[in-house]
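Counting from 1, the numbers follow the sequence of the chain as shown. Keep in mind it's a predicted model, so treat the numbers as computed, not measured.
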Amino acid sequence: MIGYGVASTAFAGLAITMVIRRESGVLKRVRATPLPPGTYIGAVLASTFITFLIEATTIIVLGRCSSMSACPTGRCRCSERS
């Protein structure tokens with residue numbers, strides 16, 4: 001599931017979005033601002049990475065709680081149900 005999340009977030013969240021922004025002229029408008037292009041690309045990459053981290057964390061937490069398995073640290077309250 002996490003592998004699918006990586007592929008989905010990277011493809012839909014980054015590649016398609018950048019193509020749509022290029023075709024709609026958003027990237028040309030960004031180039032007209034004093035913002036350096038590297039900063040803009042870095043921010044887009046950081047946003048995609050944060051989205052993936054939230055997605056991966058949610059999948060792991062839901063998986064732990066739904067399978068009722070013990071967490072390695074023993075701090076998971078979901079696994080305490082009998």
Exercise for review: For residues L14 and M18, determine if any side-chain heavy atom of one lies less than 4.5 Å from a side-chain heavy atom of the other.
Suggested key: yes

Study note, to complete from the structure: Heavy-atom nearest pair, S24 first then R29, reads O-NH1, 4.1 Å

Only distances under 3.5 Å count here; give the side-chain donor-acceptor pairs of residues 38-53 to other protein atoms, sequence neighbours excluded, each with its distance to 0.1 Å.
{"residue": "Y40", "atom": "OH", "partner": "R21", "partner atom": "NH1", "Å": "3.0"}
{"residue": "T48", "atom": "OG1", "partner": "V44", "partner atom": "O", "Å": "3.0"}
{"residue": "T51", "atom": "OG1", "partner": "S47", "partner atom": "O", "Å": "2.9"}

**Study point:** Intermediate values then yes/no, side chain to side chain contact (heavy atoms under 4.5 Å, CB included), E55 and T58
**Key:** CA-CA 5 Å; E55 181 180 323; T58 303; 5.9 Å; no

Practice item. Verify the cluster assignment for L27 and L35: are they in a single hydrophobic cluster under the rule of side-chain heavy atoms below 4.5 Å apart? Key: yes

**Study point:** Set of side chain to side chain contact (heavy atoms under 4.5 Å, CB included) partners for T57, sequence neighbours left out
**Key:** V61

